[in-house]
Amino acid sequence: MGKGEWAIAVHGGAGVHPNLPKESQYKAKQLLTRCLQLGVDALRLSQSALDVVELIVRELEIDPIFNSGRGSALTAKGTVEMEASIMDGVGRRCGAVSGLSTVKNPVSLARLVMDKSPHSYLAFEGAEEFAKQQGAETMDNSFFITEENLHMLNLAKQQNSIVFDYRIPSTNNVSMEKMNGLPMKIYAPE
Amino acid sequence: TVGCVVVDSQGRCAAATSTGGLTNKMSGRIGDSPLIGAGTYACNMCGVSCTGEGEAIIRSTLARDVAAIMEYKGYKLQEAVDFVLNKRLDEGKAGLIAVSNHGEVAIGFNTVGMFRGWVTENGIMEVKIWD
């Protein structure tokens, strides 16, 4: 690596259940590979680092494989409350949103907060209002909720655990005691 | 949680993180991902995106600490990532990705596995889940 060389890194979350099916692992790797390639193509077209991080996170948000955007973990009420942030190293400008339930790409709303509002963080109904003003794409809440998420929520409720490893096999015979050597109930991956 | 960090050919760094949070969380709960300095940070030296135990990442201002360790201790990127994961998290479990304005990539995690991938201009592309 040297000055003037580009690089991209991407993640889909830390903390993976050791028994995650091979098929799920394969799909996750496919998505990450596709996102990296998307970023490489954009950098080769001289897009900025800021545009490329937004582009890649948008792609990850619309795919239900990971816990963000579509495929988000569910609250105790069975709804989604999504959050995101973005930061530009040039001038350390930043934008963040929380408590979103209809915005298709939370990271792009965070970018709009950074570029088009006098603030750096908007949340819940204020953020949803800003999204409408800015014409950000919104979806019905059901767009974000998947069968797998509902199943995870039920498992978490059975365990009476507020924190839960999101990425566990959906079969019921999953050992629920330990994750990373810690009791599942205190483990809090996101 | 998902995240991305990029340094472009002009040495500009950026970071972004997005999440649904925790399954069965209380309504109104805010995690680390939207908090600048905790789950996401970028400056002229580096870009960082974190994931894992939100409350631990917030308390340790994990993302900003990578930049601070580089700035004040003169650590290189991977050294700074290893330091914050080992010294700042207490018993917390987390993972993070980072790039520097010199085109370096650094990744660290103390969980069982992390969905992650990286690519550099010299053509190396890797995607991993386990250690």
Side-chain angles (χ1 to χ4, degrees), chain A residues 1-16 25 28-29 32-33 36 40 43 48-50 52-54 56-57 60-61 66-68 72-77 80 82-90 92 94 96 98 106-107 152-153 156 162-164 166 180 188-190, chain B residues 1-9 11-27 30-31 33-36 39-44 47 49 51-55 93-95 97 99 102-105 107 109 111-121 125 127 129:
Chain A
M1 278 68 74
K3 187 86 180 167
E5 287 195 5
W6 53 256
I8 303 171
V10 63
H11 73 77
V16 185
Q25 295 182 39
K29 285 186 163 184
L32 293 175
T33 304
L36 287 172
V40 171
L43 285 176
S48 69
L50 182 65
V52 174
V53 295
E54 182 186 1
I56 287 178
V57 171
L60 290 165
E61 286 174 337
F66 295 126
N67 172 15
S68 72
S72 282
L74 300 181
T75 68
K77 295 176 181 170
V80 292
M82 303 173 284
E83 49 195 20
S85 61
I86 189 167
M87 189 161 189
D88 184 358
V90 178
R92 281 183 295 165
C94 57
S98 281
V107 72
M152 295 300 159
L153 179 57
I162 202 166
V163 291
F164 200 66
Y166 182 71
N180 293 310
E190 287 198 41
Chain B
T1 304
V2 299
C4 181
V5 289
V6 175
V7 55
D8 61 27
S9 50
R12 298 173 299 187
C13 298
T17 313
S18 180
T19 189
L22 304 176
T23 297
N24 203 21
K25 67 182 178 183
M26 291 168 66
S27 180
I30 305 289
S33 300
L35 300 184
I36 296 297
T40 303
Y41 188 75
C43 59
N44 58 352
S49 173
T51 174
E53 239 178 88
E55 280 68 11
K93 294 283 180 185
I97 57 174
V99 289
H102 293 285
E104 299 161 299
V105 173
I107 295 180
F109 57 97
T111 55
V112 171
M114 177 176 183
F115 295 106
R116 64 204 190 277
W118 65 97
V119 59
T120 53
E121 188 159 4
M125 180 186 279
V127 174
I129 295 177

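In what follows, every chain begins at residue 1, and chains take the letters A, B, ... in the order their sequences are listed. Computed from a predicted structure; not experimentally measured.
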Non-hydrogen side-chain atoms of [X] and [Y] separated by less than 4.5 Å:
| X | Y | result |
| --- | --- | --- |
| B/Ile30 | A/Glu83 | yes |
| B/Thr120 | A/Glu5 | no |
| A/Asp88 | B/Arg12 | no |

Show the nearest heavy-atom pair for residues [X] and [Y], with the distance to one decimal.
| X | Y | answer |
| --- | --- | --- |
| A/Ala14 | B/Gly95 | CB-N, 3.8 Å |
| A/Val53 | B/Ala14 | CG1-O, 3.6 Å |
| B/Ala16 | A/Val107 | CB-CG2, 3.9 Å |
| B/Gly21 | A/Ala73 | O-CB, 3.7 Å |

Enter the distance from [X]:[atom1] to [Y]:[atom2] here, rounded to the nearest 0.5 Å.
| X | Y | atom1 | atom2 | value |
| --- | --- | --- | --- | --- |
| A/Leu50 | B/Cys13 | CG | SG | 11.5 Å |
| B/Lys25 | A/Lys77 | NZ | NZ | 11.5 Å |
| A/Met152 | B/Asn24 | CE | CG | 13.0 Å |
| B/Thr19 | A/Asn67 | OG1 | CG | 4.0 Å |
| B/Leu22 | A/Thr75 | CG | OG1 | 11.0 Å |

Pick whichever of [options] has the most heavy-atom pairs under 4.5 Å with chain B.
| options | value |
| --- | --- |
| A/Leu43, A/Val40, A/Val52, A/Ile8 | A/Ile8 |
| A/Gln25, A/Glu61, A/Glu54 | A/Gln25 |
| A/Val57, A/Leu36, A/Val90 | A/Leu36 |
| A/Pro106, A/Ser85, A/Ser98 | A/Ser85 |

Problem - Verdict with reasoning, A/Arg92 to B/Tyr41, per side-chain contact (heavy atoms from CB on, under 4.5 Å) - result: CA-CA 8 Å; A/Arg92 281 183 295 165; B/Tyr41 188 75; 3.3 Å; yes
Problem - Sole candidate of A/Leu32, A/Leu60, A/Ile56 that passes side-chain contact (heavy atoms from CB on, under 4.5 Å) when paired with B/Val2 - result: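 Result for side-chain contact (heavy atoms from CB on, under 4.5 Å) with B/Val2: A/Leu60.
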Problem - Residue A/Val80 versus chain B: region with a heavy atom under 4.5 Å - result: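 The answer is neither part of A/Val80.
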Handout entry: Interchain contact, B/Val99 with chain A, by part (heavy-atom threshold 4.5 Å)
Key =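 Side chain only.
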Exercise for the section: Counting only heavy atoms closer than 4.5 Å, note whether B/Ile36 contacts chain A via side chain, backbone, both or neither. Expected result: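 Looking at B/Ile36, just its side chain touches chain A.
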Practice task
Output the option from B/Thr40, B/Val119, B/Ile129 having the highest count of non-hydrogen pairs under 4.5 Å with chain A.
Solution key: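 Top count of heavy-atom pairs under 4.5 Å with chain A: B/Val119.
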